[in-house]
Amino acid sequence: SFNLLAEMLTTLEQFPAIEQSVLAWTYRRELIRKEIAYHSPSILCLQELQGTPGGVGTDDHYAYFKTELGELGYSSRYARKIRRDGTEFMGTQIGNGVFWREDEFEYIEHEVIPIAQRLC
């Protein structure tokens with residue numbers, strides 16, 4: 001499991017001592033992709049994986065990893081964080097992505113479990 005530190009959470013207020021170029025998503029995503037490719041895990045969970053409602057645009061980091069890891073033989077599923085009442089947040093939001101090697105596992109089905117609703 002890998003916490004990506006979503007780009008939307010990398011503010012100067014949160015990380016005042018860190019150089020902005022190191023926090024930049026375009027810099028970090030390539031390092032993360034290389035690390036995943038090097039270790040080539042059978043199953044991988046990416047936490048704080050930023051996504052958009054339509055799954056498009058530069059703010060949709062799941063789309064990036066779906067494409068990049070797809071080229072390495074991975075399939076995936078993604079679930080965005082939702083409100084306690086079960087409705088989606090507008091715009092960009094964090095979520096979790098689960099990736100698996102297609103040559104090792106066969107996708108059968110999945111279920112998204114909204115944790116916030118279960119805890120309240």
Side-chain angles (χ1 to χ4, degrees):
S1 189
F2 200 112
N3 188 308
L4 299 178
L5 179 57
E7 180 184 32
M8 62 189 284
L9 303 177
T10 59
T11 64
L12 284 173
E13 294 79 24
Q14 292 282 43
F15 300 95
I18 305 297
E19 189 176 321
Q20 282 298 291
S21 63
V22 175
L23 288 175
W25 177 247
T26 53
Y27 172 77
R28 293 186 304 118
R29 75 180 185 186
E30 185 60 22
L31 294 176
I32 293 165
R33 187 198 61 76
K34 286 179 181 179
E35 189 76 11
I36 293 167
Y38 175 78
H39 291 286
S40 188
S42 298
I43 299 174
L44 172 69
C45 178
L46 297 180
Q47 302 163 355
E48 286 190 21
L49 180 56
Q50 200 168 290
T52 60
V56 295
T58 57
D59 283 342
D60 194 297
H61 301 167
Y62 169 64
Y64 169 81
F65 280 110
K66 183 178 180 182
T67 300
E68 293 294 317
L69 297 182
E71 292 175 5
L72 297 176
Y74 287 89
S75 284
S76 63
R77 292 296 178 269
Y78 176 71
R80 283 173 22 111
K81 182 178 178 180
I82 60 172
R83 291 184 176 96
R84 289 183 187 160
D85 66 4
T87 60
E88 283 206 12
F89 288 97
M90 298 298 294
T92 304
Q93 186 52 260
I94 60 174
N96 295 315
V98 176
F99 296 78
W100 62 90
R101 297 196 57 79
E102 293 177 314
D103 61 350
E104 295 182 47
F105 297 96
E106 176 186 357
Y107 172 76
I108 297 174
E109 67 179 289
H110 76 279
E111 180 179 353
V112 175
I113 301 171
I115 301 295
Q117 290 177 310
R118 307 285 170 128
L119 295 176
C120 297

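Residue numbers count from 1 along this sequence. What you see is a predicted model; the values in this text were computed from it and never measured.
The two residues L46 and F99 make their nearest non-hydrogen contact at CD1-CE1, 3.6 Å. Heavy-atom minimum distance, D60 versus G55: OD2-CA, 3.0 Å. Nearest heavy-atom pair across H61 and T58 is CD2-O, 3.5 Å. Contact detail for L44 and P41: the closest heavy-atom pair is CB-CG, 4.1 Å. Across all their heavy atoms, Q93 and Y78 have their closest contact at O-OH, 3.6 Å. Counting all heavy atoms, side chain and backbone alike, G91 lies closest to P53 at O-CD, 3.2 Å.
Here the CZ-OG distance, from R28 to S21, works out to 11.5 Å after rounding to the nearest 0.5 Å. With values rounded to the nearest 0.5 angstrom, E13 atom CD is found 10.5 Å from T10 atom OG1. Once rounded to the nearest 0.5 Å, the distance linking CG of N3 with CG of L9 reads 9.0 Å. The CG atom of L23 lies 9.0 Å from the OG1 atom of T11; values are rounded to the nearest 0.5 Å. For the atom pair I36 CD1 and F2 CZ, the distance stands at 6.5 Å (nearest 0.5 Å). Between atom OG of residue S40 and atom CG of residue L69 there is a gap of 10.0 Å, rounded to the nearest 0.5 Å.
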* To do: Begin from the C-alpha positions of Q20 and Y27 and carry the test side chain to side chain contact (heavy atoms under 4.5 Å, CB included) through to its verdict.
  => CA-CA 10 Å; Q20 282 298 291; Y27 172 77; over 6 Å; no
* Take R101 and S75, measure what side chain to side chain contact (heavy atoms under 4.5 Å, CB included) needs, and give me the verdict at the end. => CA-CA 6 Å; R101 297 196 57 79; S75 284; over 6 Å; no
* Begin with the C-alpha distance, continue with both residues' side-chain angles, and end with the deciding distance and a verdict on side chain to side chain contact (heavy atoms under 4.5 Å, CB included) for Y74 and S42. => CA-CA 9 Å; Y74 287 89; S42 298; over 6 Å; no
* **Full working for side-chain hydrogen bond (donor to acceptor under 3.5 Å, both in side chains) between Y62 and T52** => CA-CA 9 Å; Y62 169 64; T52 60; over 6 Å; no
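Using a 4.5 Å cut-off between side-chain heavy atoms of Ile, Leu, Val, Met, Phe, Trp and Tyr, with links allowed through other members, V22 and L5 fall into the same hydrophobic cluster. Tracing side-chain contacts under 4.5 Å through hydrophobic residues (I, L, V, M, F, W, Y), one reaches I18 starting from L31; they form part of the same cluster.
The one candidate from E7, R80, Q47, K81 that meets the side-chain contact (heavy atoms from CB on, under 4.5 Å) condition with I94 is K81.
Two residues are said to be in side-chain contact when any heavy atoms from C-beta on lie closer than 4.5 Å; Q50 and D59 meet this criterion. Under the 4.5 Å side-chain criterion, counting only non-hydrogen atoms from C-beta, I32 is in contact with L4. The side-chain heavy atoms of E102 and Y107, taken from C-beta on, include no pair separated by under 4.5 Å. Y64 has its side chain within reach of R33: a pair of non-hydrogen atoms, C-beta onward, lies under 4.5 Å apart.
Not counting sequence neighbours, R29 has no partner by the salt bridge (charged side-chain N to carboxylate O under 4.0 Å, His left out) test.
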